[in-house]
2 protein chains.
Amino acid sequence: MADAPDASGTADPASPADETGPAVSPAASKAPGARTGARAAVPHAARHGGRPHAGRPTMKDVAARAGVGLKTVSRVVNGEAGVSSDTERRVQEAITSLGFRRNDSARVLRKGTTASIGLVVEDLADPFYSPLSRAVEEVARAHGALLINGSSAEDPERERELALALCARRVDGLVIVPAGDDHRYLAPEITAGVATVFLDRPPGRIEADMVLSDSFEGARSGVAHLIAHGHRRIGFIGDRPGIHTAKERLRGYRAAMAEAGLPVSEPWVALGPTGSDRVRADAARMLDGSAGTAPVTAVFSGNNRVTVTLVRVLAEPERRGRPVALVGFDDFELADLLSPPVTVIAQDPADLGRSAAELLFRRLDGADDPPRALSRPTKLIARGSGEIPPLD
Amino acid sequence: MADAPDASGTADPASPADETGPAVSPAASKAPGARTGARAAVPHAARHGGRPHAGRPTMKDVAARAGVGLKTVSRVVNGEAGVSSDTERRVQEAITSLGFRRNDSARVLRKGTTASIGLVVEDLADPFYSPLSRAVEEVARAHGALLINGSSAEDPERERELALALCARRVDGLVIVPAGDDHRYLAPEITAGVATVFLDRPPGRIEADMVLSDSFEGARSGVAHLIAHGHRRIGFIGDRPGIHTAKERLRGYRAAMAEAGLPVSEPWVALGPTGSDRVRADAARMLDGSAGTAPVTAVFSGNNRVTVTLVRVLAEPERRGRPVALVGFDDFELADLLSPPVTVIAQDPADLGRSAAELLFRRLDGADDPPRALSRPTKLIARGSGEIPPLD
DNA sequence: TGGGGACTGGACAACGTTGTCAGAAGTGGC
DNA sequence: GCCACTTCTGACAACGTTGTCCAGTCCCCA
């Protein structure tokens, strides 16, 4: 019974598709004047009446307006062949006059592909992750895909929520900077076809593509650099111990010390959250010496955030008298203009993002080879702070 | 009738939902080895064969597996009341054993709301926009919405493409840092119910909500600060003249100069892209004096990117002899650690993002009042570079 | 004038979910 | 034993699009 009136309804040029379905009656009753003419006259009146997109024209409306079939509109909208130029013109007119825009949700449902990828990072605002996000976005754009992204705030549960929400949206692929160390929750998704690339840190308890910087070698070479400049008591301040890169960098630190035959006093090593309070406390402890341990003459910093705090600590007036050498993992803007300029182990965040995204799209294009782990090299950039000799 | 064979099919753990629909035949022919058994045995073999999510279990599959009706599954998935705990348990079992995840595309189509908002900025990697994005994301998250974002690269056409693509995805709302100056293209979308807030710059030729920093007053006070420290020849280097904030800040500069009765030589004013080459050239021109114009003794910088380049220019050895005062619009990390520390007109990007997002969600919650323009104050932070006295 | 091919247009089902509505099963009172 | 009621369940349509398939229409050539 629904069909007959429905069909005649769409033949009507100004077809109120609304009125057939009971679902939209609230919207219809709230904005009854929303006829073609009235709509233009009162821009803000009915704007937020019902559901956000209630009352949007559909292809059916366009078809009725142009006096053609539904599929013909679809063809025009998608630039498919097989529509005479005259018909096309009529359809285009109807489209612009109704303000029609294709509903991609419906398209996605039908086609099974969303042309969007998800990105989960720790913090979108972190100067390490923002160029990385941008690079992923550029690659996505080049492939005609949109980017949906979120910050995990280094919380495994939030990472999981985000990743699964993205999967529920049926993103075509996922780039994840993992916060947690167990990603079995993604197994069904990967099996179902969500291409997944882990970035900066490896996946936990699951096999998948990954793109990592060589944290171990980077840290090793940075600490070796300090040793080469005469330091024998070197501190390490890094990110939380659960984080893979923190562990790897610590391992690099220990390796460099071991290679040089230098002992490591445990008070010289501090892992933890990168908030400035914690870093300041740990720095103070190792710089001033404590519990019978001699103070360090150099510090290796595990990342970006830590380095910036350390730069502040070392710049404090009371520390000026006894210069301490510093090498930091991650480059950062203006590092070269500080005094002393900061020696760093540089990664290229944009390159990491680009590599991960390209790997992802290779998968989406059908690459079937087993998961691979890409390692990107780091580069020591000597600027001054890492070349300060020890005082004693 | 369709149910009986279907049910038996889905009872099979590795149900080949593919093979029932003709829609997937092209995919099947593309990856002919993608047989059912192979999938389980070789996890990565058939993974990217067809459409990304082909063969995912649906509610129908879950229902068949649990021996219940479709709607009951829907009820369980959405935590609706009216399901006995025994039935719920059976459904939950079926869900986990099949690895079912609700398809939000279908949900969106049905419900008309996507629980996602779009954000268009100039450059996600810019240290001004990344905390802003993060703030928008936080607010979105608090409202249970995801964030889809993109960079316009300051290209109006690209901004338009992005914004319309987001509308086609039926985002519930849109936060835009506009690149262009004509947003009439958004009128049909706004009419259709896409809540839209413009951020950092006003919309062009359209009425809509906006959240702006007080660029005029900020620049005026910054230049007045330089004047108060004795400068009479002050340069202004800003962003491209098409950009609203650039114009406003220039206007503030001129106002401060006029208030002090100081003339402005046109070579002291330079607008253009923020790439370092252009800024360096303009800086050199006004610092060295040219064509009978005396060199400036202070520079006011129109933004973040320009300031950083100017800091580098002023730090060059050959410029050290003649210190030049500098005040920059936008604060930036480590500004206080440079020598001299940089005096800035600070905006709070996170606050801007938060305000815009909150305004957006107010609209989505039904607020119907006319579009409003929020102005956020700026704050002068004197650190040293802006207090350098003029040489002559 | 008729027949074949090329082109154009439209009816219909399907994608996976949720809202509506009605039916079935269970409970208690009389 | 029956009715009224509540609680639970499922059939069905609809959301707006695209793929399939068939039916016209037009033109050209024989």
Side-chain angles (χ1 to χ4, degrees), chain A residues 1-3 6-7 10-11 17-18 20-26 51 53-64 66-88 90-91 100-114 168-170, chain B residues 1-3 17-18 20-27 51 53-64 66-78 80-88 90-91 100-114 168-170:
Chain A
M1 47 128 204
D3 270 359
D6 195 36
T10 43
D18 306 343
T20 64
V24 284
S25 54
R51 309 189 320 250
H53 300 270
R56 284 208 94 142
T58 71
M59 282 193 180
K60 202 165 142 193
D61 300 326
V62 174
V68 303
L70 192 54
K71 186 63 217 255
T72 300
V73 177
S74 171
R75 273 192 272 258
V76 171
V77 169
N78 293 292
E80 285 170 32
V83 180
S84 70
S85 64
D86 181 58
T87 307
E88 172 165 3
R90 284 215 320 284
V91 172
F100 167 81
R101 184 160 321 280
R102 180 179 63 198
N103 184 334
D104 275 354
S105 307
R107 173 170 227 254
V108 160
L109 177 58
R110 183 63 233 248
K111 304 199 71 149
T113 200
T114 53
R169 304 268 161 141
R170 296 295 189 264
Chain B
M1 28 86 218
D3 271 357
D18 305 342
T20 64
V24 285
S25 53
R51 310 189 318 253
H53 300 270
R56 285 208 96 145
T58 71
M59 282 193 180
K60 199 166 142 195
D61 300 326
V62 174
V68 302
L70 192 52
K71 187 62 220 253
T72 300
V73 176
S74 172
R75 273 191 272 257
V76 171
V77 168
N78 292 293
E80 284 170 33
V83 180
S84 71
S85 63
D86 181 57
T87 307
E88 173 163 2
R90 283 213 322 283
V91 172
F100 167 81
R101 184 161 322 281
R102 181 179 63 197
N103 184 334
D104 275 354
S105 306
R107 172 169 227 252
V108 160
L109 176 59
R110 185 63 234 250
K111 303 201 73 149
T113 199
T114 54
R169 304 269 161 140
R170 296 297 188 264

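Order of the sequence lines sets the chain letters (A, B, ...), proteins ahead of strands, with each chain counted from 1.
The interatomic distance linking M59(A) (CE) with dA14(C) (C1') rounds to 16 Å, in whole Å. Atom-to-atom, CZ of R110(A) to C1' of dG19(D) comes out at 5 Å; the value is rounded to the nearest Å. Taking atom CZ of R102(A) as the reference point, atom P of dC15(C) lies 20 Å away to the nearest angstrom. Atom CG of N78(A) and atom C1' of dT17(D) are 9 Å apart (whole Å). Distance, E80(A) CD to dT18(D) P: 8 Å, rounded to whole Å. Atom CG of L70(B) and atom P of dG19(C) are 13 Å apart (whole Å). As rounded to whole Å, 18 Å separates atom C1' of dG16(D) from atom CZ of R107(B). One interatomic measurement links the two molecules: CG of D104(A) to P of dT18(D), which rounds to 8 Å at whole-angstrom precision.
Residue V77(B) is classed as having no contact, given no heavy-atom separation below 4.0 Å to the nucleic acid.
Of the candidates dC8(D), dT17(C), dG10(C), dG10(C) carries the atom nearest the K71(A) side chain, counting heavy atoms from C-beta on. Closest approach to the V68(A) side chain among dT17(C), dG10(D), dG10(C) is made by dG10(C) (side chain taken as heavy atoms from C-beta onward).
The two residues V83(B) and E88(B) come nearest to each other via the heavy atoms CG1-N, 3.8 Å. Among all heavy-atom pairs drawn from K60(B) and L70(B), the shortest one is N-CD1, 3.5 Å.
Residue N103(A) has no polar side-chain atom (N or O) positioned under 4.0 Å from OP1 or OP2 of dC15(D). For dT9(D), one of the phosphate oxygens OP1 or OP2 lies less than 4.0 angstrom from a side-chain nitrogen or oxygen of S84(B). For K111(A) and dA14(C), the shortest distance from a side-chain N or O to OP1 or OP2 is not below 4.0 Å. Note on T58(B): every side-chain N or O is 4.0 Å or more away from OP1 and OP2 of dC15(C). Phosphate proximity of dC15(C) to R170(A): absent, as no side-chain N or O sits under 4.0 Å from OP1 or OP2. Under 4.0 angstrom from either OP1 or OP2 of dG19(C) there lies no side-chain N or O belonging to S74(B). Between T72(A) and dG10(C), a side-chain N or O to OP1/OP2 separation shorter than 4.0 Å is present. Proximity of K60(B) to the phosphate of dT17(C): no side-chain N or O atom is located under 4.0 Å from OP1 or OP2. For the OP1/OP2 pair of dT9(D) and a distance below 4.0 Å, the side-chain nitrogens and oxygens of T87(B) include at least one atom meeting the criterion.
Take D86(A) and apply the side chain to side chain contact (heavy atoms under 4.5 Å, CB included) test, not counting sequence neighbours, and it matches S84(A), R89(A), R90(A).
Side-chain atoms of R56(A) and N103(A), non-hydrogen and from C-beta on, never get closer than 4.5 Å to each other.
With rounding to the nearest 0.5 Å, the separation of CG in D104(A) from CG in L109(A) is 12.0 Å. Atom CZ of R102(A) and atom OG1 of T58(A) lie 14.0 Å apart (nearest 0.5 Å).
Between L109(B) and R75(B), the one whose closest nucleotide on DNA chain C sits nearer the 5' end is L109(B).
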